Amino acid sequence: MYLKTLFLSLLFLVFINLNLSAQDYAETASEVTPLLIGSIIPDVSVKNIESEELNLRELVSSKQTVIIFYRGGWCPYCSQHLAELNEIEDEIRNMGYQFLAISADRPEELRKSKSKADLNYTLLSDSPMNATKAFGLAFKVDEATVQRYMEIGIDLEKSSGYDHHLLPVPAVYILDTDGKVLFDYVNPDYRQRINGEILLTAARVYRAES
């Protein structure tokens, strides 16, 4: 009887652990576990505005990279932040960096964002959220918030093309050509974004150390 009870207990623990490991997103923005400085980015793919699949490690192997994770073109805080960073893009490019911005928007929505905001840097789609999950930035939007967004004209499912209701916590990474994280800024409060001057300073520091 004791052995049977012990076996069932162990089986239950294995079942719980398998389910925990299968859930590769956080329940709230404050519970995400993003990549740490010194980590190598995961081997994941994203799509460009032409819906072409691109390997992220291959993209960053050509030159040092600034990657922005943002929620989507529907988010006014994201749009404002992208516009602000667009103003420093030339300086960052002149240092030898490339500038990539990844969101949950499907490629068709990226085209709208690019034309509307006249952004110069590369917008990439992670609508299935595989890259965002692998970076440890994905969290699930609760149903009350999904409905509230719908009431003000924000349709997460239409934007991404999926019903996962997942979003990234906004984040900024500086990577070397090996895909190693040199600098990161992650804030669960989507209203708080990194200042352009701070990002420029970080870019100069980590370019100088490369």
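Worth knowing before you read on, the calculation uses all heavy atoms, side chains too, and leaves out hydrogens, waters and symmetry mates. The structure displayed is predicted, hence computed values, not measured ones.
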Quick one: are [X] and [Y] in side-chain contact, heavy atoms under 4.5 Å?
{"X": "Leu166", "Y": "Thr132", "answer": "no"}
{"X": "Ser159", "Y": "Asp105", "answer": "yes"}
{"X": "Pro128", "Y": "Tyr162", "answer": "yes"}
{"X": "Glu157", "Y": "His165", "answer": "yes"}
{"X": "Glu91", "Y": "Arg204", "answer": "yes"}
{"X": "Pro170", "Y": "Arg193", "answer": "yes"}
{"X": "Met150", "Y": "Leu156", "answer": "no"}
{"X": "Leu123", "Y": "Tyr70", "answer": "yes"}

Between [X] and [Y], is there a donor-acceptor pair closer than 3.5 Å when you use the side chain of the first and the backbone of the second?
{"X": "Arg106", "Y": "Lys158", "value": "yes"}
{"X": "Ser39", "Y": "Leu35", "value": "no"}
{"X": "Ser61", "Y": "Glu58", "value": "yes"}
{"X": "Thr28", "Y": "Ala26", "value": "no"}
{"X": "Arg71", "Y": "Val169", "value": "no"}
{"X": "Asp126", "Y": "Asn130", "value": "yes"}
{"X": "Thr145", "Y": "Val141", "value": "no"}
{"X": "Tyr97", "Y": "Arg207", "value": "yes"}

Taking all heavy atoms of [X] and all of [Y], pick out the closest pair and write down the distance.
{"X": "Leu199", "Y": "Val172", "answer": "CD1-CG1, 3.8 Å"}
{"X": "Gln98", "Y": "Leu59", "answer": "NE2-O, 2.6 Å"}
{"X": "Gly38", "Y": "Lys180", "answer": "O-CG, 3.6 Å"}
{"X": "Leu175", "Y": "Ile67", "answer": "CD1-CD1, 3.5 Å"}
{"X": "Gly196", "Y": "Leu85", "answer": "CA-CD2, 4.2 Å"}
{"X": "Val44", "Y": "Ala134", "answer": "CG1-CB, 3.7 Å"}

Worksheet entry | Aromatic ring proximity, centroids under 6.0 angstrom, Phe183 and Tyr173 | no
Worksheet item: Does one hydrophobic cluster hold both Leu182 and Leu36, with members joined at side-chain heavy-atom distances below 4.5 Å?
Response: no
Discussion item. Using the rule that Ile, Leu, Val, Met, Phe, Trp and Tyr join whenever any side-chain heavy atoms are under 4.5 Å apart, tell me whether Ile37 and Val60 fall into a single cluster.
Written reply: yes
With rounding to the nearest 0.5 angstrom, report the [atom1] to [atom2] distance, [X] to [Y].
{"X": "Leu167", "Y": "Lys140", "atom1": "CG", "atom2": "NZ", "value": "10.0 Å"}
{"X": "Leu56", "Y": "Leu124", "atom1": "CG", "atom2": "CG", "value": "7.5 Å"}
{"X": "Ile92", "Y": "Ile174", "atom1": "CD1", "atom2": "CD1", "value": "7.0 Å"}
{"X": "Phe139", "Y": "Tyr25", "atom1": "CZ", "atom2": "OH", "value": "12.5 Å"}
{"X": "Asp155", "Y": "Ser160", "atom1": "CG", "atom2": "OG", "value": "8.5 Å"}
{"X": "Asn86", "Y": "His81", "atom1": "CG", "atom2": "NE2", "value": "11.5 Å"}

Worksheet entry | Remaining members of the apolar cluster that contains Tyr190, side-chain heavy atoms under 4.5 Å | Tyr77
Item to complete: Carefully, step by step, assess Glu84 and Gln80 under the rule side chain to side chain donor-acceptor pair (under 3.5 Å).
Response: CA-CA 6 Å; Glu84 290 173 357; Gln80 180 180 350; 3.3 Å; yes
Item to complete: Could you tell me whether Glu109 and Lys112 make a salt bridge, using a distance below 4.0 angstrom between a side-chain N and a carboxylate O?
Response: yes
